[in-house]
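Each chain gets a letter, A, B and so on, in the order its sequence line appears, and its residues count up from 1. Worth saying up front: this structure is predicted, and the values here are computed from it rather than measured.
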Number of protein chains: 2
Amino acid sequence: MAKLDSAQIARYADMFSAMGTEPRLRIVRLLLTAHPEGLVAGEIGEELDIPNSTLSHHLDKLKNEDLIAMQREGTFLRYTANTSALEELLGFLYAECCTRSNAVEPKKVLCCR
Amino acid sequence: MAKLDSAQIARYADMFSAMGTEPRLRIVRLLLTAHPEGLVAGEIGEELDIPNSTLSHHLDKLKNEDLIAMQREGTFLRYTANTSALEELLGFLYAECCTRSNAVEPKKVLCCR
DNA sequence: GCTATATTTCGATTATTCTGGAAATACTGG
DNA sequence: CCAGTATTTCCAGAATAATCGAAATATAGC
């Protein structure tokens, strides 16, 4: 297993932090549900009942951590979950818990394929 | 799959938040490496070079989110990773990413048993 | 009980984050 | 180019979090 340097650990911490708030965790969940089409900002805000500017800040944070992606569609901005980043985060957590230390047994968490 | 209520989502958010800081993520990693024996507070502080009181706050937060456990050993306090909680968090993330939405393919993350 | 060690709690400072109204920007269709 | 809609940025306030020295607490051994 590759050794993790300080920057990488900090990055994972930032990703966890980005998911570490109820509104943002809800946003990610919602985008996963709507995957791969995603949703435009207005739909997210309406569904989760979050004011425009507040939502925009949350989306910005998630985007900065690369957990979601954005693409313009005319006057709309469509947001989608970034599956590779989530994959990476999941892989990190899995590696820490199961591979690196054998602290958690994989089979308890997942049933493969 | 059981439907997640607001309190549960908030709880997962809090767990992510607890891991969402570099010092605390390092602490969890260190305790996983030392699992199942764990480490006493002083050892953690020395290894990660964190002042007493700062460390104590971090440990308190992790303990509040049930990510670590503590037991007294004479004048020492031994901390251990709480594998069930980590298991649960890993399971949640897995379910969100892979089961619920099929956004991430399990085999990309893990190689089962 | 006193001393020594380990760790927490107190207290206070600084930094960061969350929130949301109002103004600005971006785009579309006429 | 103007009106209309979508969304962001600006700004500011309030709340929360991170930090750490110093004082307090807990335990052990003598």
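- The closest side-chain donor-acceptor pair between A:S6 and B:E22 falls under 3.5 angstrom.
- One can place CZ of A:F76 at 10 Å from C1' of C:dC27, the figure rounded to the nearest angstrom.
- Between A:E43 atom CD and D:dT7 atom C1' the separation is 13 Å, expressed in whole Å.
- For B:D49, the CG atom is loosely surrounded, since the number of other residues' heavy atoms within 6.0 Å does not exceed 12.
- Contact annotation for A:R78: no contact, since no heavy-atom pair falls under 4.0 Å across all strands.
- Of the side-chain N and O atoms in B:T75, none sit less than 4.0 angstrom from OP1 or OP2 of C:dA6.
- Between D:dT19, C:dT8, C:dG20, one nucleotide has an atom nearer to the side chain of A:H57 than all others, and that is C:dG20.
- Between B:T54 and D:dT19, a side-chain N or O to OP1/OP2 separation shorter than 4.0 Å is absent.
- Distance A:R24 CZ to D:dT16 C1': 13 Å, rounded to the nearest Å.
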For the pair A:T80 and A:L31, evaluate side chain to side chain contact (heavy atoms under 4.5 Å, CB included) and give the outcome as yes or no after the intermediate values. CA-CA 6 Å; A:T80 49; A:L31 290 180; 6.0 Å; no

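- The side chain of B:S53 contributes no N or O atom lying less than 4.0 Å from OP1 or OP2 of C:dT7.
- Atom CG of residue B:N64 and atom CG of residue B:L59 lie 11.0 Å apart, to the nearest 0.5 angstrom.
- Taking 3.5 Å as the limit, the base of C:dC18 and the side chain of A:H58 contain no donor-acceptor pair of atoms between them.
- Side-chain nitrogen and oxygen atoms of A:Y79 include none within less than 4.0 Å of the OP1 or OP2 phosphate oxygen of D:dA6.
- Separating the CD1 atom of B:I44 from the C1' atom of C:dA6 is a distance of 13 Å, rounded to the nearest angstrom.
- Spacing between atom CG of B:L77 and atom C1' of C:dT5 amounts to 12 Å, rounded to whole angstrom units.
- Between A:E73 and B:V40, the residue anchored closer to the 5' end of DNA chain C is B:V40, taking for each the nucleotide with the nearest heavy atom.
- The side chain of A:R72 contributes no N or O atom lying less than 4.0 Å from OP1 or OP2 of C:dA26.
- Between A:F92 and A:Y12, the ring planes lie parallel to each other; the angle is under 30°, not in the 30° to 60° tilted range.
- Of the two residues near DNA chain C, A:G74 and A:N52, the one whose nearest nucleotide lies more 5' is A:N52.
- In this structure, A:K61 atom NZ and D:dT8 atom C1' are separated by 18 Å, rounded to whole Å.
- Atom CG of B:D60 and atom C1' of D:dA17 are 13 Å apart (whole Å).
- One interatomic measurement links the two molecules: CE of B:M70 to P of C:dA6, which rounds to 17 Å at whole-angstrom precision.
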